[in-house]
Amino acid sequence: MAELYNHREVETKWQKVWDDEKAFKTSEDYSKPKYYALVEFPYPSGQGLHVGHPRPYTALDIVARKRRMQGYNVLYPMGWDAFGLPTENYAIQNHIHPKIVTENNVARFKNQLHSLGYSFDWDREVNTTDPNYYKWTQWIFLKLFKAGLAYKSEMPINWCTSCKVGLANEEVVNGVCERCGSEVVRKVKSQWMLKITEYADKLIEGLDGVDYIEKVKVSQKNWIGKSTGAEVDFSIKDKEDKLRIYTTRCDTLFGVTYMVVSPEHPIIDKYRDELKNWDEISAYREQAARKSDFERAELAKEKTGVKIDGMTAINPVNNKEIPIFISDYVLMSYGTGAIMAVPAHDERDWDFAKKFGLPIIEVVAGGKNVQEEVYTDVATGILCNSGFLDGLNVAEAKEKMIAFLEEKGIGTAKTNFKLRDWVFSRQRYWGEPIPIVQCEKCGYVPIDESELPLELPEVDSYMPTDNGESPIAMMTDWVNTTCPCCGGAAKRETDTMPQWAGSSWYFLRYTDPTNAEALASKEALNYWMPVDWYNGGMEHTTLHLLYSRFWHKFLYDEKVVPCSEPYMKRTSHGMILGSNGEKMSKSRGNVVNPDDIVRDYGADTLRTYEMFIGAFDLSASWSEDGVKGCRRFLERVWKLQDIMTDDIAYSKDMETKMHQTIKKVSNDFENLKYNTAIAAMMALINDFYKKNAVTKGEFKTLLTLLNPVAPHMTEELWQITGFEGKVYQTTWPEYDEAKTVEATVEIAVQINGKTKATLVIGKEDAKEDVIAKAKEAIADKLTGTIVKEIYVPGRIVNIVQK
RNA sequence: GCCGGCGUGUCGGAAUGGCAGACGAGGCAGACUCAAAAUCUGUUGUGGGCAACCACGUAUGGGUUCAAGUCCCAUCGCCGGCACCA
């Protein structure tokens with residue numbers, strides 16, 4: 001009888017063996033085929049590892065382990081995205097240096113990850129807060145600055161009232177701070193910005209060449225928000241100035257019955273003295289300014305606005321005089337801050353026109369009465385009431401109109417994006433210092449590369465200031481410096497970089513993590529990049545993914561990296577929810593600590609369970625019973641020792657099943673179908689128990705297939721059984737396609753599509769014979785006239801009778 | 001509102017258009033035990049019948065097909081993302 005399975009002993013033992021043997025050290029032999037598997041590196045929070053973390057880590061650990069057995073040189077690294085607010089807030093509250101907090105958290109995380117038996121190459125660990133790392137983050141920033149892609153700008157930013165920090169648009173969710181949930185207000189500040197908009201087109205085009213799951217591609221495209229249309233100049237009656245608008249529907253120009261400008265539009269200030277209802281306009285502007293963007297959007301249902309009295313516009317295609325309104329449904333931040341309104345064919349314009357009693361002119365026929373219902377279908381509509389466009393479809397009309405506008409010099413084709421430049425400044429301590437000094441004479445001057453890393457100064461307090469300056473600003477010794485350009489007195493930039501900075505290029509550093517001369521050597525980058533498979537959370541598909549692709553594309557243009565896209569394949573895992581189906585949180589009391597599971601059931605059980613829990617990309621609820629079921633499965637594998645025979649080959653009756661299982665597990669591991677791969681192995685051992693026997697050869701194959709999921713136990717069994725070497729050094733089993741097919745199959749015999757009997761036939765049996773046998777089997781039920789006989793080889797016989 | 005995704009036993013979930021419910025959990029019955037736990041064996045979609053068997057079943061209503069959970073149309077519900085982007 002086998003000894004009882006003691007997971008603590010077994011797991012500690014093998015973790016030590018792997019460490020001692022440097023079992024998963026990445027080779028620097030660049031002649032072997034490479035495989036770069038990447039998971040998002042965690043933020044080492046004070047709470048320690050969450051049961052959500054092991055899901056993606058285990059999934060790609062399986063892929064990495066399998067690839068090694070298939071002969072690849074595998075890079076599967078891990079590191080720490082350690083700058084960030086929670087650490088800083090903890091430091092403030094407890095008066096501990098964030099560096100110390102980070103060290104402690106990292107140590108704990110590392111221990112926890114180690115206890116799960118991941119095959120990370122810990123020699124390549126990176127930490128974004130390490131000066132030797134952020135030296136290169138700063139270096140990239142300098143490159144961006146020199147290329148004109150980093151600039152400082154006075155602009156209204158999203159200011160979190162609680163974090164006291166500016167946020168990128170992407171970090172504001174439903175009008176509140178993504179991180180702390182506090183109110184976000186608009187505040188004008190001078191901010192470092194990165195011109196991600198310059199790469200908008202490349203970021204869309206690049207998606208065609210990569211293998212991302214569809215919804216990730218869609219959300220990247222939505223976020224960038226490309227639209228094609230035209231800019232058109234409307235003249236203002238009796239004025240020199242033109243009012244330029246952006247539209248995607250220049251085909252509807254004949255249907256324009258009024259215009260709307262955003263409350264912030266400069267034209268209003270320019271002609272304020274001539275406007276007859278200035279008081280009304282100014283009151284509306286104040287009201288709009290007080291609202292945050294969020295409130296403006298929230299109040300979307302009811303349109304508001306004021307007609308500008310004393311200024312009208314002329315429609316350039318028919319010279320009609322039309323009124324101009326101001327309304328906050330037009331945003332200054334998109335397009336030109338002014339629109340032409342075509343109420344018949346735009347929902348918002350229609351609402352507005354109805355409210356203010358403005359004329360609605362149909363210019364695209366095909367809908368119902370536009371006085372009663374807006375018509376926006378561009379696919380089937382035909383132009384009418386539109387002079388030279390009449391009779392054309394929408395696409396043709398657009399084209400003809402643009403040609404007309406360009407010929408007359410009143411408009412041009414124009415592409416717009418929703419994507420805004422990236423607000424890159426944070427007024428906090430725990431981030432990378434921005435390596436720029438401000439000189440009164442020379443302006444913003446980059447520090448010399450030789451001075452990198454520009455290390456964070458020691459400060460007395462990490463508390464952010466109410467005036468919106470980083471605590472670093474207090475450190476005058478550090479702040480006051482000399483200008484690298486003229487040598488005169490200058491001040492250092494005191495804003496730091498956002499957390500996204502360090503994670504925008506970390507995958508490059510893993511390829512050559514200790515390089516002091518470059519962010520990584522050319523050889524390492526040429527060999528390892530791009531990442532072959534990158535898995536991460538859906539919550540990072542718009543932010544981190546976009547930012548890191550932007551940096552990568554920039555570095556590609558700078559000839560720093562060898563490929564234009566960083567990740568060949570991107571997948572996403574679902575969240576692990578509490579047993580009540582809600583998100584795990586302390587306040588809900590449904591948090592599961594992975595340490596407890598490792599202690600009570602073992603790392604292999606936790607790994608198996610998280611892979612078995614359900615479809616990888618969907619969220620799944622935690623179930624302790626499910627954990628027990630997986631532990632039971634592993635124990636049943638353990639006890640196979642007792643029924644093992646000495647035969648090193650597959651037994652005759654199991655041969656097909658073995659080949660089928662190898663095929664299924666191999667394919668499922670590649671396609672994120674870990675749950676069905678494990679189910680197949682469960683079914684296999686159920687068969688062994690049914691027979692009450694497993695050959696040594698079968699056992700060996702099972703251990704190899706199961707090893708990526710449950711590495712500790714399979715190594716132990718491998719050793720107990722006396723197989724040579726270690727499982728991690730063995731080769732992945734092959735299957736023979738011909739042998740996955742059974743010699744005989746059971747097929748269903750149906751009458752009119754309803755199964756009436758089953759029949760065992762030879763795989764190669766002729767159609768006539770099978771049908772004859774089938775008819776025999778259901779002879780008593782064949783009462784009508786047979787109209788059709790269908791045989792799908794190896795599957796089904798269907799007799800159609802009347 | 002727009003764009004994705006989904007809807008299958010008691011539960012988590014399987015099913016290249018070809019015998020729905022693999023695998024796991026839970027339940028029930030039995031074995032072992034003084035007993036319990038653990039383990040093992042059997043059973044477990046619903047309705048009817050002693051039975052072999054019959055009928056019905058993948059959100060709802062239609063359709064295509066010899067055959068539909070799977071394809072098409074409509075409806076309802078849930079989840080996620082975007083949201084006055086002109």
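Here is the naming used below: chain letters follow the sequence lines, and residue numbers restart at 1 for every chain.
- When Watson-Crick and G-U wobble pairs are counted only if both distances are under 3.5 Å, B/C2 pairs with B/G81.
- Closest contact between the side chain of A/Ile796 and the listed nucleotides B/C19, B/U41, B/C23 involves B/C19.
- Nucleotides B/G47 and B/G42 have their C1' atoms positioned 24 Å apart, rounded to a whole Å.
- When the P atom is compared between B/C2 and B/A74, the two are found 13 Å apart, to the nearest whole Å.
- Counting any heavy atom pair closer than 4.0 Å across all strands shown, A/Ile678 reaches no nucleic acid atom.
- Taking the ring centre of A/Phe234 as origin, the terminal cationic atom of A/Arg244 falls outside the region bounded by 6.0 Å and 45° from the ring axis.
- One atom, CZ of A/Arg420, and another, P of B/C82, lie 16 Å apart when rounded to the nearest Å.
- Among the nucleotides B/C3, B/C23, B/G18, the one closest to the side chain of A/Arg795 is B/G18.
- For the pair A/Arg632 and B/A25, the criterion of a side-chain N or O lying under 4.0 Å from OP1 or OP2 is met.
- For the pair A/Lys414 and A/Tyr246, the NZ or CZ position fails the cation-pi test of under 6.0 Å to the six-membered ring centre and within 45 degrees of the ring normal.
- Looking at which nucleotide of RNA chain B each of A/Thr676 and A/Asn752 is closest to, the 5′-most match is held by A/Thr676.
- Here B/A55 is the nucleotide among B/A55, B/C82, B/C56 with the atom lying nearest to any side-chain atom of A/Lys756.
- Here A/Asn686 reaches the OP1 or OP2 of B/G24: one of its side-chain N or O atoms lies under 4.0 Å away.
- Atoms CG (A/Leu331) and P (B/A83) sit 11 Å apart, rounded to a whole Å.
- Regarding A/Asn671, its CG atom lies at a distance of 13 Å from the C1' atom of B/U16, rounded to whole Å.
- Across all strands shown, A/Thr758 has heavy atoms under 4.0 Å from base atoms, whether or not it also approaches the sugar-phosphate.
- Of the candidates A/Val770, A/Ile761, A/Ile778, A/Val770 is the only one forming a side chain to side chain contact (heavy atoms under 4.5 Å, CB included) with A/Val797.
- Comparing the P positions of B/C66 and B/G81 gives a spacing of 44 Å, expressed to the nearest Å.
- Of all nucleotides listed (B/A22, B/A86, B/C66), B/C66 comes nearest to the side chain of A/Asn798.
- Only the P atoms considered, B/A51 is 15 Å distant from B/G45, to the nearest whole Å.
- Here B/A86 presents its C1' atom at 14 Å from CE of A/Met332, a figure rounded to the nearest Å.
- Spacing between atom CG of A/Asn6 and atom P of B/A38 amounts to 19 Å, rounded to whole angstrom units.
- Atoms CH2 (A/Trp622) and C1' (B/C11) sit 17 Å apart, rounded to a whole Å.
- For B/C19, the base has a donor-acceptor partner in the side chain of A/Glu746 [N/O atoms by modelled type, under 3.5 angstrom].
- In plain terms, the two heavy atoms of A/Tyr689 and A/Arg636 that are nearest each other are OH-O, 2.5 Å.
- When distances run from any side-chain atom of A/Phe612 to the nucleotides B/G24, B/G26, B/G18, the shortest one goes to B/G24.
- Rounded to a whole Å, the OH atom of A/Tyr791 is 20 Å from the P atom of B/A67.
- Nearest to the side chain of A/Val800, among B/C23, B/C66, B/C19, sits B/C66.
- A sub-4.0 Å separation between OP1 or OP2 of B/G4 and a side-chain N or O of A/Lys215 is absent.
- Within the nucleic acid shown, A/Arg631 has no heavy atom closer than 4.0 Å to any nucleic acid atom.
- Across the protein-nucleic acid pair, A/Lys628 atom NZ and B/A37 atom C1' stand 11 Å apart, rounded to whole Å.
- Closest to the side chain of A/Met682, from the set B/A67, B/G24, B/A15, is B/G24.
- Nucleotides B/U70 and B/G7 place their C1' atoms 14 Å apart, quoted to the nearest Å.
- Using the Watson-Crick or G-U wobble rule with both distances under 3.5 Å, B/U58 pairs with nothing in any strand shown.
- Contact detail for A/Ala353 and A/Ile360: the closest heavy-atom pair is CB-CG1, 4.2 Å.
- The side chain of A/Lys673 lies closest to B/A15 when the candidates are B/A86, B/A15, B/C23.
- The environment of A/Glu347 atom CD is sparse: at most 12 non-hydrogen atoms of other residues, nucleotides or ligands sit within 6.0 angstrom.
- The two residues A/Lys418 and A/Asn222 make their nearest non-hydrogen contact at NZ-O, 4.2 Å.
- Distances shown here put every side-chain N or O of A/Lys690 at or beyond 4.0 Å from the OP1 or OP2 atom of B/C40.
- Separation of the P atoms belonging to B/G48 and B/C40 is 34 Å when rounded to the nearest angstrom.
- Counting non-hydrogen atoms under 4.0 angstrom, A/Glu789 reaches nothing in the nucleic acid.
- Within 4.0 Å (heavy atoms only), A/Gln750 reaches at least one base atom of the nucleic acid.
- When all heavy atoms of A/Ile613 and A/Ser621 are compared, the pair lying nearest together is CD1-O, 3.7 Å.
- Across all strands shown, B/C28 forms a Watson-Crick or G-U wobble pair, both distances under 3.5 Å, with B/G42.
- Taking atom C1' in both B/G57 and B/A68, the straight-line distance is 14 Å, to the nearest Å.
- Nucleotide B/C76 is matched to B/G7 when pairs are restricted to Watson-Crick or G-U wobble geometry with both distances under 3.5 angstrom.
- Syn is the glycosidic conformation of B/G9, whose angle stays within 90° of 0.
- Looking at every heavy atom in both residues, A/Thr740 comes nearest to A/Gln660 through O-NE2, 3.0 Å.
- Straight-line distance between the C1' atoms of B/G61 and B/C54: roughly 27 Å, to the nearest whole Å.
- Of the two residues near RNA chain B, A/Gly225 and A/Glu635, the one whose nearest nucleotide lies more 5' is A/Glu635.
- Contact annotation: A/Asn675 side-chain N/O to B/A14 OP1/OP2 distance is under 4.0 Å.
- Residue A/Ala615 is in sugar-phosphate contact alone, with no base atom involved, counting any heavy-atom pair closer than 4.0 Å across all strands shown.
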